[in-house]
Amino acid sequence: MRTILKLGKQEHRFIDRISELSGENVYSCYQCGRCSAGCPMAFEMDILPNQLIRLVQLGEEEALIASKTLFICASCFTCQSRCPKGINIANVAEAIRYLAEPKGKDHFGPDEVPAELADELP
Ligand code: SF4
Ligand code: SF4
């Protein structure tokens with residue numbers, strides 16, 4: 001049986017805000033995965049670039065704001081160059097960070113640095 005997903009007003013507001021702030025058409029993503037396959041930072045992400053866009057399409061604001069990926073993305077634009085729809089995920093991540101900042105999630109805390117990297121800090 002096919003399930004039709006219905007989003008609420010809050011989810012629609014979030015998606016519209018992300019689209020407005022980023023200038024990206026997040027609805028055009030069809031989950032081909034080319035962005036994640038080419039992302040040089042994917043190995044450190046808890047949500048892959050294609051998953052990030054899917055969560056935006058679903059209005060999953062809390063999951064996105066909690067994601068480390070927002071602060072791992074290096075804004076290299078490889079995803080945009082590979083995306084058949086030209087979506088720039090760095091712009092989308094920046095828009096989510098902008099909305100996350102008033103909620104106290106505006107940085108990647110020292111306790112979130114992987115142990116193997118923390119050992120290399122001065
Ligand atoms: S490459 Fe573009 S269309 Fe494909 S999953 Fe990534 S964002 Fe979506
Ligand atoms: S801009 Fe961010 S998400 Fe896109 S390929 Fe670069 S590191 Fe990955």
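As the structure lists them, so they are numbered: ligands from 1, and atoms in each ligand from 1. Start at 1 with the first residue, then count along the sequence. Here the structure is a predicted model, which is why all the values come from computation and not from measurement.
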S.K.: To which protein heavy atom is atom 2 (Fe) of ligand 2 closest, and what is the distance rounded to 0.1 Å?
M.R.: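 Nearest protein contact, heavy atoms only, for atom 2 (Fe) of ligand 2 is Cys73 SG, 2.3 Å.
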S.K.: Give me the nearest non-hydrogen protein atom to atom 4 (Fe) of ligand 2 as residue plus atom name, then the distance to 0.1 Å.
M.R.: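 Going atom by atom, the protein heavy atom closest to atom 4 (Fe) of ligand 2 ends up being Cys79 SG, 2.4 Å.
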S.K.: Would Phe14 and Glu60 count as a side-chain contact (heavy atoms from CB on, under 4.5 Å) here? Give the steps.
M.R.: CA-CA 8 Å; Phe14 173 70; Glu60 293 281 353; over 6 Å; no
S.K.: Counting from 1, what ligand 1 atoms have a heavy atom of Tyr30 closer than 4.0 Å?
M.R.: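 Ligand 1 atoms under the 4.0 Å threshold to Tyr30: 3 (S).
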S.K.: Quick one: which ligand 1 atoms are inside 4.0 Å of a heavy atom on Asn50?
M.R.: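 In order of number, 5 (S).
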S.K.: Would you mind running through ligand 2 and noting each atom that sits below 4.0 Å from a heavy atom of Ala90?
M.R.: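 Heavy-atom distances to Ala90 below 4.0 Å select 1 (S).
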S.K.: Before you tell me yes or no, could you show the steps for Ile65 and Glu61 under side-chain contact (heavy atoms from CB on, under 4.5 Å), namely the whole-Å CA-CA distance, both residues' side-chain angles and the distance that decides it to 0.1 Å?
M.R.: CA-CA 6 Å; Ile65 285 177; Glu61 181 173 3; 3.7 Å; yes
S.K.: Hey, is atom 8 (Fe) of ligand 1 within less than 2.8 Å of some N/O/S atom on Cys32?
M.R.: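 No, Cys32 does not qualify, because none of its backbone or side-chain N, O or S atoms lies under 2.8 Å.
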S.K.: Identify the protein heavy atom lying closest to atom 6 (Fe) of ligand 2, giving its residue, its atom name and the separation to 0.1 Å.
M.R.: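 In this structure, atom 6 (Fe) of ligand 2 has Cys76 SG, 2.3 Å as its nearest protein heavy atom.
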S.K.: Please evaluate residues Gln31 and Asn50 with respect to the criterion side chain to side chain donor-acceptor pair (under 3.5 Å), reporting the C-alpha separation (whole Å), side-chain torsions for both, the decisive distance (0.1 Å), and the verdict.
M.R.: CA-CA 6 Å; Gln31 291 294 300; Asn50 69 299; 3.0 Å; yes
S.K.: Show me which atoms of ligand 2 lie under 4.0 Å from any heavy atom of Ser75.
M.R.: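 Contacts of ligand 2 toward Ser75, numbered from 1: 1 (S), 2 (Fe).
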S.K.: How far is atom 8 (Fe) of ligand 1 from its nearest protein heavy atom, and which residue and atom name does that atom have?
M.R.: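 Of the protein heavy atoms, Cys29 SG, 2.4 Å lies nearest.
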S.K.: Does Phe77 share a hydrophobic cluster with Met41, counting links as ILVMFWY side-chain heavy atoms below 4.5 Å and allowing steps through other members?
M.R.: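 No, Phe77 does not connect to Met41 through the hydrophobic network.
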S.K.: Quick check for you: to the nearest 0.5 Å, what is the distance between Thr69 atom OG1 and Met45 atom CE?
M.R.: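 Reported value, rounded in 0.5 Å steps: 5.0 Å.
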S.K.: After noting the C-alpha distance and the side-chain angles of Leu99 and Arg17, does the key distance pass the side-chain contact (heavy atoms from CB on, under 4.5 Å) rule?
M.R.: CA-CA 9 Å; Leu99 296 184; Arg17 194 82 178 103; 3.9 Å; yes
S.K.: If the cut-off is 4.0 Å to any non-hydrogen atom of Ala74, which atoms of ligand 2 fall inside it?
M.R.: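 Those atoms are 2 (Fe), 7 (S).
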S.K.: Would you sort out whether Arg54 and Gln57 count as a side chain to side chain donor-acceptor pair (under 3.5 Å), showing the intermediate values?
M.R.: CA-CA 5 Å; Arg54 186 65 185 135; Gln57 290 173 335; 2.8 Å; yes
S.K.: Any non-hydrogen atom of Arg82 lying under 4.0 Å from ligand 1?
M.R.: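 For ligand 1, residue contact (heavy atoms, under 4.0 Å) with Arg82 is absent.
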S.K.: Look at atom 3 (S) of ligand 2 and find which of Cys83, Pro49, Cys35, Pro40 reaches it with the closest heavy atom.
M.R.: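 Minimum heavy-atom distance to atom 3 (S) of ligand 2 goes to Pro49.
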S.K.: Given Ile18, which of Leu64, Asn91, Val92 fulfils the side chain to side chain contact (heavy atoms under 4.5 Å, CB included) condition?
M.R.: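 Answer after filtering Leu64, Asn91, Val92: Val92.
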